[in-house]
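To keep things clear, I will list the structure first and then write my remarks on it.
Numbers restart at 1 for each chain; the letters A, B, ... are given by sequence-line order, proteins then strands. Keep in mind that what you see is a predicted model, and the values were worked out from it rather than measured.
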Amino acid sequence: MSFPWAKHYEPVNPLMRYLDEKLPLPRLVYNAIGGGYPVPRNLNYMWNFGVLAGFCLVLQIVTGVVLAMHYAANAGVAFSSVEHIMRDVNWGWALRYAHANGASAFFAVIYLHIFRGFFYSSYKAPREMVWLIGVVIFLLMMATGFMGYVLPWGQMSFWGAKVITGLFGAIPVIGEPIQIWLLGGYAPDNAALNRFFSLHFLLPFVIAGAVILHIWALHIPGSSNPTGVEVKKESDTIPFHPYYTAKDGFGLGVFLILYCALLFLFPNYLGHPDNYIEANPLSTPAHIVPEWYFWPFYAILRAFTSDFFFIPAKLMGVLAMFSAILVWFFLPWLDKGPVRSGHYRPLFRKFFWFGLIPAMAVLFYCGGAPAEEPYVMLSQIAATYYFLHFLVILPIVSMIERPEPLPYSITEAVLGEDKAAVLGENATPGV
Amino acid sequence: MIRLIGILAGLFFSVALLWSLGNGVVAVAQQGYLKEATAESEFHLHPRELDLQSNGPFGTWDLAQLQRGFQVYKEVCAACHSLKYVAFRDLKALGYSDAEVKAIAAGFQVPGIDANTGEANLRPGLPTDYFPSPYPNATAARAANNNAVPPDLSLMTKARHDGSAYVHSLLTGYRDLNTFSVGGKHVKDEFPDFSTPEGGHFNPYFANLNIAMPPPLTTEGQVTYAPGQPKATVDQMSTDVAAFLTWTAEPKKVKRTQVGWPVLGFLLFATILAWMAKNQVWAAIKPKKPRAA
Ligand code: HEM
């Protein structure tokens with residue numbers, strides 16, 4: 001892995017030398033996030049979000065494990081056990097708000113991480129595997145977030161669980177048995193709550209395993225960079241430590257300020273008041289809305305209001321909702337252009353800023369709004385663009401686009417010139 | 001190949017979406033409106049702002065007000081509403097002494113067990129007990145209240161949008177359906193079919209405009225405030241009980257922000273240091289020439 005000029009780990013004191021012989025863990029760390037990992041010298045702050053996502057994962061696991069010591073996964077007492085945490089457990093309120101808002105922070109960070117990938121086409125070879133594992137992580141995160149939201153057993157917990165598991169009922173013939181099997185009953189109840197708790201505890205560790213694979217796969221080609229030009233030589237890179245540890249450290253500080261402002265000053269801003277009402281199977285809330293990070297996909301689900309030939313509208317919605325994420329798996333092969341960075345792709349860039357971003361914004365907005373006009377029509381338009389963008393526009397743009405000239409190397413991009421530049425080497429973009 | 005399948009899948013989803021959109025547009029064109037107007041959509045009022053000392057990220061508790069609000073709850077609302085997540089011992093945070101808390105607790109009857117016979121009975125409350133429900137069960141509550149269960153009030157101000165303001169507006173928001181108007185339009189003229197059912201009360205702050213709770217606070221001096229406290233007008237009592245319910249919903253609210261500011265201050269300081277450290281580290285490899293665009 002890594003480049004030939006990567007620095008080698010040399011333990012200085014005898015204890016570290018002993019450890020390196022028996023269990024080279026410090027060596028692993030040194031080569032992964034220390035001086036032994038050469039990184040492009042021109043990474044901007046969009047490359048900070050991977051580290052922040054890792055921080056969020058640890059934060060969620062730590063706060064979650066402690067919450068689980070006080071939480072009771074039983075439909076009769078789950079709601080009041082959460083109030084017990086808020087009122088009687090020492091610092092329980094801080095713990096719970098940290099975990100609830102931590103989930104939001106995690107998703108905010110991950111959305112930025114993914115959109116970095118979209119703009120810089122980080123999904124392209126040789127990083128397809130990094131991207132594929134990333135999409136798996138995102139799916140796991142959604143499952144974890146969904147099941148976690150059920151645990152406090154408020155009205156939105158219950159009705160959210162009912163709506164989402166009800167989606168399986170849209171599958172012809174086998175749908176309903178699957179739904180009953182998943183829930184352990186006809187509607188969410190104790191059986192569902194218990195298995196959701198069990199899985200909600202398990203999945204973050206599965207995610208942690210997937211993150212290790214993600215970073216392992218990343219370290220084979222190494223990070224991409226804002227120019228999308230691959231590393232050519234030593235002057236293109238700097239060691240991760242101290243340069244990026246320092247830069248990411250500052251980014252972490254900014255993140256923590258925003259996160260703590262949310263947690264301590266507006267902890268319920270992103271939540272829904274109905275979830276402070278205990279679950280009641282006999283009383284349906286006026287508007288059932290999931291957490292904000294599901295809104296774009298919820299909007300796509302609800303955008304299908306008419307049957308399409310023999311396919312019922314509900315089934316179309318479910319298919320489209322899952323496909324909206326599954327298309328990400330195919331991005332490396334749908335977008336074939338050799339140039340990665342959006343900075344050098346004039347046509348792609350226009351569709352990104354004036355197509356994908358507004359469409360996502362509309363889907364975010366409409367997913368949180370009631371299922372009435374004009375929101376339904378707006379989400380229909382935005383969802384149409386969404387699918388066209390990934391499945392039709394990207395393949396065509398990547399075939400017809402004429403990219404702008406790339407710098408010869410990262411060194412040239414940073415310093416303005418590269419003495420070793422060979423005239424015309426990048427005339428045909430491909431590196 | 002993948003691209004071909006992709007383009008076909010993309011067209012499939014977008015045509016299905018446009019088909020839905022087309023049907024929607026036709027339906028709207030036939031109806032002539034985007035969204036049907038109902039009495040709820042036209043005459044529901046948003047809560048009026050309520051200025052409480054505990055509002056916002058710098059808020060603090062006004063203990064005298066919380067005590068007055070507690071008095072309103074105890075003397076009026078407790079007849080119908082429980083407060084099941086609040087224990088009597090919690091009232092010490094409002095400035096009551098141990099002896100006062102004991103006396104308050106003893107004033108409530110809570111479910112117990114007869115020490116001799118083992119039969120269920122009622123006994124005077126202890127500081128460790130929680131505020132009891134005035135009804136033995138939901139069916140009894142329903143029977144006594146026109147088929148509506150008075151909800152537990154502990155979390156009420158967190159369980160509604162603009163909770164504290166909502167409680168205040170709701171309590172002071174009962175109106176006469178026959179004369180009520182918004183912007184010169186009368187409910188009765190716009191929606192002649194709209195009516196208040198038997199045992200219901202018209203209140204435009206309530207989601208469906210008809211609430212089963214009779215106006216609980218109706219007359220000045222309904223609750224006798226201690227000397228030196230503000231006059232017990234309906235508005236004052238409603239404000240006080242809203243303040244009290246803000247506390248019951250989140251007794252740690254003020255502590256939360258008081259912890260939060262120092263945390264933020266520290267983080268700001270640490271982040272400035274991190275910024276300076278980063279600049280120091282990067283100074284070594286800073287390009288001498290500005291980078292070409
Ligand atoms: C628990 C969640 C995740 C963690 C902890 C994580 C962590 C990381 C880290 C530390 C990096 C290197 C730093 C960086 O480039 O920002 C990285 C890179 C990357 N991640 Fe993630 N990631 C997560 C989820 C995802 C998801 C959901 C996707 C996409 C669907 C994704 C796609 C990528 C890609 C393509 C790269 C390489 C970027 C490049 O070199 O240009 N990651 N990730």
Side-chain angles (χ1 to χ4, degrees), chain A residues 41 80 83 86-87 93-94 97 238 242-243 246-247 249-250 252-254 256-257 260-261 263-268 273-274 276-277 286 303-306 308 311 313 316 319-320 323 327 330 333-334 336 372-374 376-377 380-381 383-384 387-388 390-392 395-396 413-417, chain B residues 2-3 6-11 13-25 28 34-35 57 84-86 90 151 154-155 158-161 163 207 249-252 255-257 259-261 263-264 267-268 270-275 277-278 280-282 285 287-292:
Chain A
R41 60 192 294 172
S80 50
E83 276 311 307
M86 294 296 285
R87 289 156 195 269
W93 57 270
Y97 281 150
I238 44 180
Y243 293 104
K247 194 164 176 171
F250 168 64
L252 180 65
V254 174
L256 281 176
I257 290 176
C260 285
L263 189 175
F264 287 105
L265 306 182
F266 311 100
N268 293 307
D274 277 18
Y276 281 107
I277 305 171
F304 291 83
T305 47
S306 308
F308 190 55
I311 311 173
M316 273 310 293
L319 283 176
S323 305
V327 293
F330 299 96
W333 298 279
L334 290 169
K336 277 298 245 198
E372 37 184 61
E373 301 302 353
V376 177
M377 288 182 182
Q380 283 160 345
I381 296 166
T384 304
F387 284 108
L388 289 179
F390 286 116
L391 292 167
V392 179
I396 294 177
V414 176
L415 300 183
E417 64 169 348
Chain B
I2 289 186
R3 279 189 277 181
I7 290 178
L8 290 177
L11 292 175
F13 283 121
S14 32
V15 170
L17 280 161
L18 293 174
W19 173 243
S20 289
L21 177 64
N23 282 333
V25 170
V28 166
L34 266 184
K35 204 184 118 199
K84 64 179 171 187
Y85 297 116
V86 182
D90 295 334
S154 319
L155 285 163
K158 270 171 135 185
R160 297 289 181 278
H161 284 287
E250 193 169 5
K252 303 286 167 61
K255 174 162 187 195
R256 188 187 82 213
T257 51
V259 171
W261 286 113
V263 168
L264 284 172
L267 283 175
L268 191 63
T271 304
I272 291 171
L273 284 189
W275 167 248
K278 183 237 147 198
Q280 184 122 25
V281 167
W282 281 72
I285 56 157
K288 294 187 186 66
K289 265 199 258 172
R291 125 175 146 80

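- Between B:I2 atom CD1 and A:L391 atom CG the span is 11.5 Å, to the nearest 0.5 Å.
- Most heavy-atom pairs under 4.5 Å with chain B: of the set A:A313, A:A286, A:G249, A:C260, this distinction falls to A:C260.
- Looking at A:W333, the atoms closer than 4.5 Å to chain B (heavy atoms on both sides) sit in the backbone and in the side chain alike.
- Between B:N23 and A:S306, the shortest heavy-atom distance links the atoms ND2-OG, 2.8 Å.
- The shortest heavy-atom contact between B:A159 and A:D274 is O-OD1, 4.3 Å.
- Closest heavy-atom contact between A:L265 and B:R256: O-NH2, 3.4 Å.
- Comparing B:T271, B:L17, B:I285, B:T257 by how many heavy-atom pairs each has under 4.5 Å with chain A, the most go to B:L17.
- There is no contact between A:F390 and chain B, counting heavy-atom distances below 4.5 Å.
- Applying the ring-ring contact (aromatic ring centres under 6.0 Å, His included) test to A:Y243 and every residue at least two apart in sequence or in another chain returns B:W282.
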Evaluate side chain to side chain contact (heavy atoms under 4.5 Å, CB included) for A:F264 paired with B:V263, printing each intermediate quantity in order.
CA-CA 9 Å; A:F264 287 105; B:V263 168; 4.0 Å; yes

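- Here CG of B:L11 is found 11.0 Å from OG1 of A:T384. Values are rounded to the nearest 0.5 Å.
- Although no hydrogens or angles enter the test, the distance criterion places a donor-acceptor pair under 3.5 Å between the side chain of B:K252 and the main chain of A:R87.
- Counting heavy-atom pairs closer than 4.5 Å to chain A, the top residue among B:L8, B:D90, B:L18 is B:L18.
- At least one side-chain heavy atom of A:W93 sits less than 4.5 Å from a side-chain heavy atom of B:K255.
- Using a 4.5 Å cut-off between heavy atoms, B:A249 contacts chain A through its backbone alone, with no side-chain atom that close.
- Under the 4.5 Å side-chain criterion, counting only non-hydrogen atoms from C-beta, B:F13 is not in contact with A:F308.
- Between B:K158 atom NZ and A:I277 atom CD1 the span is 13.0 Å, to the nearest 0.5 Å.
- Neither the backbone nor the side chain of A:A94 comes within less than 4.5 Å of any heavy atom in chain B.
- Residue contact with chain B, scored on non-hydrogen atoms closer than 4.5 Å, involves the side chain of A:I311 exclusively.
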Stepwise side chain to side chain contact (heavy atoms under 4.5 Å, CB included) test for B:L21 and A:I381
CA-CA 8 Å; B:L21 177 64; A:I381 296 166; 3.8 Å; yes

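- To the nearest 0.5 Å, atoms CG (A:L256) and CG (B:L264) are separated by 10.0 Å.
- Atoms NZ and NZ, on A:K247 and B:K278 in that order, are 5.5 Å from each other to the nearest 0.5 Å.
- Using a 4.5 Å cut-off between heavy atoms, B:A9 contacts chain A through both its backbone and its side chain.
- Atom CZ of A:F250 and atom CD1 of B:I272 lie 9.0 Å apart (nearest 0.5 Å).
- Of the residues considered (A:V392, A:L263, A:I396), A:V392 shows the highest number of contacts with chain B, using heavy-atom pairs under 4.5 Å.
- Heavy atoms closer than 4.5 Å to chain A are found in the side chain of B:V28, but not in its backbone.
- In terms of non-hydrogen atom pairs under 4.5 Å with chain B, the most contact-rich of A:M86, A:K336, A:R41 is A:K336.
- Applying the 6.0 Å contact sphere to CD of B:Q280 captures no more than 12 heavy atoms from other residues, nucleotides or ligands.
- Not one N or O on the side chain of B:S20 forms a donor-acceptor pair closer than 3.5 Å with the backbone of A:F304.
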